[in-house]
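One structure is given here, and the rest of the page talks about it.
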Number of protein chains: 2
Amino acid sequence: MTDAAGGGWQKGNSAVTSPKTVGRLSLYRRLLYTLQSEGEQNVFSHQLAAMARGTAAQVRRDLMAIGFSGSPSKGYDIQGLVESIGEFLDGPTRQNAALVGAGNLGKAILTYFKGRRPKLAIVAAFDSDPRKTNRAIRGCPCYPIEDLARVVRNEDICTGIITVPATQAQHVADLLCRAGVRGLVNFAPVRLGTPAGVYVEDIDVTMVLEKAAYFARQTPE
Amino acid sequence: MTDAAGGGWQKGNSAVTSPKTVGRLSLYRRLLYTLQSEGEQNVFSHQLAAMARGTAAQVRRDLMAIGFSGSPSKGYDIQGLVESIGEFLDGPTRQNAALVGAGNLGKAILTYFKGRRPKLAIVAAFDSDPRKTNRAIRGCPCYPIEDLARVVRNEDICTGIITVPATQAQHVADLLCRAGVRGLVNFAPVRLGTPAGVYVEDIDVTMVLEKAAYFARQTPE
DNA sequence: CAATACCTGTGAAACAATTCACAACATGAC
DNA sequence: GTCATGTTGTGAATTGTTTCACAGGTATTG
Ligand SMILES: NC(=O)c1ccc[n+]([C@@H]2O[C@H](COP(=O)([O-])OP(=O)(O)OC[C@H]3O[C@@H](n4cnc5c(N)ncnc54)[C@H](O)[C@@H]3O)[C@@H](O)[C@H]2O)c1
Ligand SMILES: NC(=O)c1ccc[n+]([C@@H]2O[C@H](COP(=O)([O-])OP(=O)(O)OC[C@H]3O[C@@H](n4cnc5c(N)ncnc54)[C@H](O)[C@@H]3O)[C@@H](O)[C@H]2O)c1
């Protein structure tokens with residue numbers, strides 16, 4: 001099972017779907033695409049569970065959260081389930097994201113995301129280095145950091161990806177939040193302070209590697 | 001709080017420290033370094049909690065796991081705590097990691113890790129592209145993938161980082177596990193199958209961005 | 001048209017993680 | 001001294017998540 005980097009608000013949500021379930025729905029969708037490309041029409045909870053490395057009961061619980069029903073004899077209709085997860089995760093309108101910090105990692109991510117999700121795209125990059133701005137990087141327009149607030153509003157950007165050096169991360173987070181962004185993915189090894197209501201997902205590669213090394217050591221063959 | 005990507009075995013551990021606690025200990029250590037560089041000697045649980053964006057009770061519980069005690073009047077001795085976390089996380093001997101797939105992301109990670117942790121280093125990279133092998137990439141020797149088993153054994157590598165295309169990830173994971181690696185960090189959007197006892201930490205950037213976008217939408221200002 | 005087999009949906013139980021709350025204690029003030 | 005203050009360490013309560021287990025279905029078979 002996966003219990004990767006959580007994510008969180010400042011507190012105070014009511015009966016919403018848990019981040020864990022949301023994450024698994026994203027995973028299920030990806031697995032369903034694979035099944036579709038293999039020509040499958042239907043899938044049982046235990047099959048999806050095997051692919052996701054979870055349990056059948058958990059798959060059923062997660063699908064309950066989006067109110068999708070299967071049939072006891074055929075399982076779940078893949079096409080319908082993909083659409084249902086799509087409505088839930090993507091919402092009605094297309095969502096836009098911005099990346100701040102077009103360095104080594106930022107460029108890798110821009111390349112990676114190119115056209116990956118139809119309803120969720122990185123539509124702008126920002127950098128403070130004038131050699132990187134006012135041109136397209138990996139097909140994505142890169143603006144000077146000074147234009148952040150303006151572009152975020154014009155392009156209706158609601159999610160930010162932070163790939164600037166650690167020292168700059170809090171400053172950039174402040175800019176993004178002030179411009180109205182409500183969700184952040186932070187790659188800098190820093191715990192950000194954000195206004196209540198902003199969701200932050202940290203990806204701390206050092207922490208993850210230390211964890212893997214620790215548990216690797218716990219099973220010395 | 002952080003509940004990022006979990007990680008997991010196949011099942012069957014006894015009274016070990018939970019991955020969540022291990023992750024937070026790594027975070028605490030980083031925060032303690034900052035305090036040290038500011039000349040601090042001691043820290044209270046509530047201070048560390050504020051920096052980690054957690055609660056004081058949780059910090060105390062986590063430190064209980066490594067059996068480190070503070071004093072009611074001075075709090076915790078920073079130097080001693082750093083050493084204590086170090087003993088716990090790093091173990092007695094230096095640990096070595098390998099990275100497979102020296103592409104965009106792989107190169108970024110090699111750069112990032114250069115000399116970052118004294119007791120945990122990426123000592124080898126592997127690639128199948130002959131243009132990338134038999135030379136140093138970002139200061140790290142890059143070997144042909146065929147040499148993996150030999151190098152892993154010679155260099156005593158116990159942790160692997162997978163940054164190859166999704167289609168190759170399972171194959172590479174098999175190679176690593178067969179060579180004796182017991183911990184993996186997987187960046188490919190694939191759920192790996194691994195022998196029992198191997199710890200896998202997935203970093204699924206698409207999933208994380210979808211999660212952030214989802215929760216961003218739940219707070220529409 | 002039973003009888004069988006195997007699935008879904010879900011209440012309830014089990015388990016895991018976090019937070020509460022307080023006794024025990026060290027320090028500093030006077 | 002002894003009192004007031006503010007912290008640690010931790011059992012117990014709480015909250016959150018996963019798993020169990022089974023009633024209620026729907027096809028398929030003979
Ligand atoms: N490279 C990795 O694999 C990796 C892995 C994990 C985490 N990280 C973290 O991600 C961040 C970026 O890493 P990197 O290796 O890409 O670094 P980098 O130095 O290659 O890139 C940083 C970029 O941010 C830009 N920048 C600096 N200050 C800025 C500001 N105030 N506003 C806008 N842009 C600004 C720089 O011009 C540069 O282009 C760092 O915090 C690093 O710790 C990197
Ligand atoms: N670039 C990103 O920011 C990003 C983000 C998240 C996830 N990922 C994932 O990380 C992986 C790598 O991404 P990338 O952008 O670096 O891709 P890339 O194509 O730039 O790099 C892949 C590298 O792997 C090597 N390779 C291919 N097959 C191999 C094999 N069998 N053995 C050894 N080496 C092999 C290639 O030669 C290449 O150097 C992909 O699975 C991608 O989905 C990338």
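Just so we're on the same page: letters track the sequence lines, and every chain starts at 1. None of these values were measured; they are calculated from a predicted model.
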Exercise for the section: Would you tell me if any nitrogen or oxygen in the side chain of A:S69 comes within less than 4.0 Å of OP1 or OP2 on C:dT8? Expected result: no
Practice task
Indicate whether OP1 or OP2 belonging to C:dT18 is found under 4.0 Å from a side-chain N or O atom of B:T55.
Solution key: no
Exercise for the section: Tell me which of B:G75 and A:T21 sits closer to the 5' end of DNA chain D, going by the nucleotide each one is nearest to. Expected result: B:G75
Completion exercise
Of the listed D:dT19, C:dT10, D:dT8, the closest approach to the B:Y76 side chain comes from D:dT8
Completion exercise
Looking only at D:dT18, D:dT7, C:dT19, the nucleotide nearest the B:R61 side chain is C:dT19
Does any donor atom in the side chain of [X] or [Y] lie under 3.5 Å from an acceptor atom in the other side chain?
X      : Y      : value
B:D202 : B:N186 : yes
A:Y28  : A:D62  : yes
B:T219 : A:R182 : no
A:Q36  : A:E40  : no
A:Y199 : A:T159 : no

Problem - Contacts of type ring pair (Phe, Tyr, Trp, His ring centres under 6.0 Å), residue B:F88, not counting sequence neighbours - result: A:Y214
Rounded distance in Å - [atom1] ([X]) to [atom2] ([N]):
X     : N      : atom1 : atom2 : answer
A:F68 : C:dT8  : CZ    : C1'   : 12 Å
B:F44 : C:dT27 : CZ    : P     : 11 Å
A:L63 : D:dT18 : CG    : P     : 14 Å
A:K20 : C:dA16 : NZ    : P     : 12 Å
B:R60 : D:dA12 : CZ    : C1'   : 15 Å
B:D62 : C:dT18 : CG    : P     : 8 Å
A:Q47 : C:dC7  : CD    : P     : 9 Å
A:I66 : C:dT8  : CD1   : C1'   : 15 Å

Problem - Listed partners of B:C140 passing side-chain contact (heavy atoms from CB on, under 4.5 Å), at least two apart - result: B:L110, B:I122, B:A125
Fill in the blank from the handout: In B/S/- notation (B base, S sugar-phosphate only, - none; protein heavy atoms under 4.0 Å), nucleotides 23-29 of chain D written 5' to 3' is --BSS--
